[in-house]
Amino acid sequence: MTTSDQETLKSLYPFLHGRKQEPASMNAALIAAVEEKVSYHRDVIAGFFAKNSQAIIDAAGAIARMYQGGGRLFSMGNGGSSCDAAHVAVEFQHPVTAGRPALTAIDLSADRTMLTAVGNDVGFDHIFVRQVIAQGRSGDALIGLSTSGNSKNLVNAFIKAKEMGLTTIGLAGMSGGAMATIGLDHCLIVEADSIHRIQECHVTIYHILWDLVHSLLADDRGARMKEGG
């Protein structure tokens, strides 16, 4: 390592060399880091929606048709994406916009007794597929979120759901991973390499899906009311 390299490391990590970062310099570096992350966030969001608007509309249409047929929405994810799965379910069950009906949505990540029982007795790769087998039926829909697209427990559940006649919707990141190769009905891929930016885009995607589904259902109800009148 050259003397120049050593000095660069000392400036970046002064605490490793018994020195403290100068406050103004540290604050400027943190501001630059914030601006860089926000800029990347904007680029990821803009890039995804510029490329995938029709795909989102198509997925929303599939969910709306599922509800029109009396189906139920199931959601699943691991870690931070399990929080997103819960968020998806609560958005549909508890719509915050006045005049929008509650719609059945079940978070498969929520039952810790079921998750730990299956994980302990059979294996973590089966925690969602067992629930799909038990609760799913033809005409339902399953949405799964994974930043890599390679979560084996999601892939297993999606494969079984397709066999059972459920509509399958994946939100993935990076290159889409295995979720991009198993023939999902709808696979929305955020092509970024930051887990955080992918998750942030996923939140925007399912909020828009929720909004579009309600718009489509409202339009359908209005058309049926007009025909009945």
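Atom set for the values below is all heavy atoms of this structure, side chains included, hydrogens, waters and symmetry mates excluded.
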Hey, does the side chain of [X] reach the backbone of [Y] with a donor-acceptor pair shorter than 3.5 angstrom?
{"X": "N52", "Y": "F48", "result": "yes"}
{"X": "D140", "Y": "R72", "result": "yes"}
{"X": "T181", "Y": "A178", "result": "yes"}
{"X": "N153", "Y": "F128", "result": "no"}
{"X": "T168", "Y": "L184", "result": "no"}

Could you report the tightest heavy-atom contact between [X] and [Y], atom names first, then the distance?
{"X": "R100", "Y": "S215", "value": "NH2-OG, 3.8 Å"}
{"X": "P101", "Y": "P95", "value": "O-CG, 3.4 Å"}
{"X": "L188", "Y": "A55", "value": "CD2-CB, 3.7 Å"}
{"X": "A62", "Y": "H186", "value": "CB-NE2, 3.4 Å"}
{"X": "C187", "Y": "M179", "value": "SG-O, 3.7 Å"}
{"X": "L216", "Y": "A64", "value": "CB-CB, 3.9 Å"}

Are [X] and [Y] close enough that some pair of their side-chain heavy atoms sits under 4.5 Å apart?
{"X": "L103", "Y": "Q93", "answer": "no"}
{"X": "T167", "Y": "K162", "answer": "no"}
{"X": "E191", "Y": "S175", "answer": "no"}
{"X": "F158", "Y": "I182", "answer": "yes"}
{"X": "M76", "Y": "L154", "answer": "yes"}
{"X": "I56", "Y": "F49", "answer": "yes"}
{"X": "Q131", "Y": "L115", "answer": "yes"}
{"X": "V190", "Y": "V44", "answer": "yes"}

Atom [atom1] of [X] and atom [atom2] of [Y]: how far apart are they, to the nearest 0.5 Å?
{"X": "H214", "Y": "E91", "atom1": "NE2", "atom2": "CD", "result": "8.5 Å"}
{"X": "L209", "Y": "L212", "atom1": "CG", "atom2": "CG", "result": "6.5 Å"}
{"X": "S39", "Y": "D43", "atom1": "OG", "atom2": "CG", "result": "4.5 Å"}
{"X": "D185", "Y": "I63", "atom1": "CG", "atom2": "CD1", "result": "11.0 Å"}
{"X": "E200", "Y": "K37", "atom1": "CD", "atom2": "NZ", "result": "10.5 Å"}
{"X": "T204", "Y": "I208", "atom1": "OG1", "atom2": "CD1", "result": "6.5 Å"}

Inset, instruction - Give the C-alpha distance, both sets of side-chain angles, the deciding distance and a yes or no for side chain to side chain contact (heavy atoms under 4.5 Å, CB included) between I159 and M164. - result: CA-CA 9 Å; I159 291 172; M164 295 171 59; over 6 Å; no
Under a single-linkage definition using a 4.5 Å side-chain heavy-atom cutoff for Ile, Leu, Val, Met, Phe, Trp and Tyr, are [X] and [Y] assigned to the same hydrophobic cluster?
{"X": "L145", "Y": "I45", "result": "yes"}
{"X": "L171", "Y": "I106", "result": "no"}
{"X": "I143", "Y": "L166", "result": "no"}
{"X": "I189", "Y": "L142", "result": "no"}
{"X": "V88", "Y": "W210", "result": "yes"}

Legend entry - Flag for S82-S109: side-chain donor and acceptor within less than 3.5 Å: no
Legend entry - D193 and Y40 side chains, donor-acceptor separation under 3.5 Å: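 Side-chain D/A pair, Y40 to D193: present.
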Legend entry - Evaluation steps, ring-ring contact (aromatic ring centres under 6.0 Å, His included), between H196 and H41: CA-CA 9 Å; H196 296 132; H41 167 89; over 10 Å; no
Legend entry - Residues, nucleotides or ligands: over 12 heavy atoms within 6.0 Å of E36 CD: no
Inset, instruction - Run the numbers on L73 and T104 for side chain to side chain contact (heavy atoms under 4.5 Å, CB included), then give the verdict. - result: CA-CA 6 Å; L73 179 66; T104 302; over 6 Å; no
Inset, instruction - Go through F124 and V118 one step at a time and tell me if the side chain to side chain contact (heavy atoms under 4.5 Å, CB included) criterion holds. - result: CA-CA 7 Å; F124 194 70; V118 175; over 6 Å; no
Inset, instruction - Using a strict cut-off of less than 4.0 Å between a Lys/Arg side-chain nitrogen and an Asp/Glu carboxylate oxygen, indicate whether R130 and D121 qualify as a salt bridge. - result: no
Inset, instruction - From the options H202, H94, H207, select the one residue that forms a ring pair (Phe, Tyr, Trp, His ring centres under 6.0 Å) with H87. - result: H207
